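Predicted model, so just to flag it, every value in this text is computed and none were measured. The first residue in the sequence is number 1, and the count goes up from there. Start at 1 and go down the list; that is how both ligands and their atoms are numbered.
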Amino acid sequence: MPSQVPSDRLLAALPEDLRPQAAERLKTAGPVLRRLLAGLYGDRAGFDAWLGDLMASLGKLHAERAPELRALDLQRTAEPDWFLNQRMLGYCAYVQNFGGSLHGVAERIPYLEELGVSYLHLLPFLRPREGENDGGFAVTSFDEVDPALGTNADLHALTTRLRTAGISLCSDFILNHVADDNQWALAAKAGDARARAMFHVFPDRDLPDRHERTLGQVFPQVAPGNFTFVEAMGGWVWTTFYSYQWDMNWSNPDVFAEMAAAMLRLANRGIEVFRLDSTAFLWKREGTNSMNQPEAHQILQALRAIVDIVAPGVLLKAEAIVPTRELPAYLGSAAAPECHVAYHSSLMAAGWVALAEQDTGVLREVIRKTPPLPPAATWLSYVRCHDDIGWNVLRAEAQVASAGGAPARLAAVARFFSGAEGSYASGAAFQSTDPNAAHGSNGMAASLTGLQTAATEEERSLALRRMQLLHGLALSFGALPVLYMGDELAMENDYGYLDRPRHAMDSRWLQRPVFDEQRWKHRYDKSSAPGIMFQGLANLIRVRRKHQALAANAPRTLLADAPDGVLALARGDGFLTLMNFTGQPQDYALQGAWSDCAAPGRVEGTITLAPYAMHWLARE
Ligand code: GLC
């Protein structure tokens, strides 16, 4: 069996001047790609011909890449850890909520520059399904911008303007499923056998029932079960999420080739980062929960090899909301790189647990279990996102030192953020079918940290400190931090979704508000909540930029000598962050003299952390 891909098919599609460089990249990534694809599809009849056609298609897409994107590819190949420095900062927003349209988003670039943003994740903006579409996560066409948000030309204009401002555009690439009105789904419904084979379709309940025995449920309340009977298909279609989101059958090489090409066409439109949605679910295996299967990793590694050949300036970001032990695999290894970035959903959720419990036990356990990463890879740190904060990923960590067991412990946290038991939070439990089990919690950060219920100056100030604290964790952990639109202005829950029939059953809309112009205007007013939040955050971002110790790849050490309610993290050479997750003052004994970076001053000996206070200290 040959160990190299048929490189000639790719090279033949390229103009003369691009061939040497492509040949060079193929030397390293070609054998990797060959091995992975042979492992996935090698036993299929016609594999070699299929691989040849795939290479020809990659060559064509490579040839179509614009000169400015090729320049970016070269620049980033020369500096593969370009996204690990402490100046990288992300921002995430819905197009319609942030700017109304792609054009409106472009108008907000000065604001992003003011914040120091270098990476913008716009939630799905491709043509979605008509009617309900899971916030755009049911994609009808990968090649067309949602007409409600703009045109393909607007997308091109936006990526160009962003690039000029030093901001990379990140787009979701939803590779687990497509909408039931996507061209392949329509063709399948019309009886096209090739299209039908791109999905998992079962004539009766036999296999679905067998799979259901071990499958989980993503939306147990609003979309129970993992299969949907579709009349036109004469059978049951695998639908992990909503019934109108059809899972792709990645065991079919046609799916791989079509999806790889769709991703590269988007890369050629100027997308620089892909948020690979729901990566854990790509491969199905009876007797398992069909998550995190080895083949799902092989698919991602093969996509990475393709990106390394055709568009090496592009980053892949894994969205896999899975237990901590499953997370590192999404970043691969030095020998087999996978995604460049992966959401650290355990760290995010554990920060909230620390607030609810006023104890950093679970958070420390997560940090202890976070291994060093391969070169040119990092975590994505965040305080919250457009989805619920899922608690189940923390089962293993919550089991440690827990008298009542992890489910009960996490259920108490979920109740806390729903505002139960006298808590300051105003959120909503998500998809909990059992009041004693945890699923997820929804709500804007400001509402979950108590700003919405704050009745006094003191309460307001505590809520703002809690919010700064969680942001401080994301900014100082050693990762690529991403801010979620509105949090920087302490925006609160949006209950408007309850009046929209398409959204009313999905409380994740609580945290998907429209950008608040009034709060934005108050961002310099230090007597207002938005002003305090914005200025505090802007200050942390400025400090972070100055300290190499806060780069994603600078070493991190969890210090064991802090009280239970305090997280002490040493970073790089001589940097220390202290975070008090409790409502009481806490003492910490410092060794040596330090300067306080965010609130300048000199500290030594015992430092007393005010309730929910954070200090970033640099050794003098
Ligand atoms: C991801 C998205 C989420 C969506 C789901 C299905 O988890 O973040 O919003 O509902 O995938 O596409």
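Residues satisfying the side-chain hydrogen bond (donor to acceptor under 3.5 Å, both in side chains) test with Glu357, not counting sequence neighbours, are Arg409. Take Asp181 and apply the side-chain hydrogen bond (donor to acceptor under 3.5 Å, both in side chains) test, not counting sequence neighbours, and it matches Thr140. When the side-chain hydrogen bond (donor to acceptor under 3.5 Å, both in side chains) test is applied to Ser418, no partner is found at least two apart in sequence or on another chain.
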Extract all N/O-N/O pairs under 3.5 Å that connect ligand 1 to the protein, and present each with both atom names and the distance rounded to 0.1 Å.
from	atom 1	to	atom 2	distance (Å)
ligand 1	7 (O)	Glu319	OE1	3.4
ligand 1	7 (O)	Glu319	OE2	2.8
ligand 1	8 (O)	Arg275	NH2	2.8
ligand 1	8 (O)	His386	NE2	2.9
ligand 1	8 (O)	Asp387	OD2	2.4
ligand 1	9 (O)	His386	NE2	3.0
ligand 1	9 (O)	Asp387	OD1	2.7
ligand 1	9 (O)	Asp387	OD2	3.4
ligand 1	9 (O)	Arg508	NH1	3.2
ligand 1	10 (O)	Asp134	OD1	3.2
ligand 1	10 (O)	Asp134	OD2	2.6
ligand 1	10 (O)	Arg508	NH1	3.0
ligand 1	11 (O)	Asp277	OD1	2.9
ligand 1	11 (O)	Asp277	OD2	3.1
ligand 1	11 (O)	Ser278	OG	3.1
ligand 1	12 (O)	His177	NE2	2.9
ligand 1	12 (O)	Asp277	OD2	3.1

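Put simply, the residue from Phe477, Tyr343, Trp352 that forms a ring pair (Phe, Tyr, Trp, His ring centres under 6.0 Å) with Tyr382 is Tyr343.
Nearest heavy-atom pair, Tyr497 versus Ser507, reported as atom, atom and distance to 0.1 Å: OH-CB, 3.4 Å.
Taking the centre of each ring, Tyr119 and Phe83 stay at or above the 6.0 Å mark.
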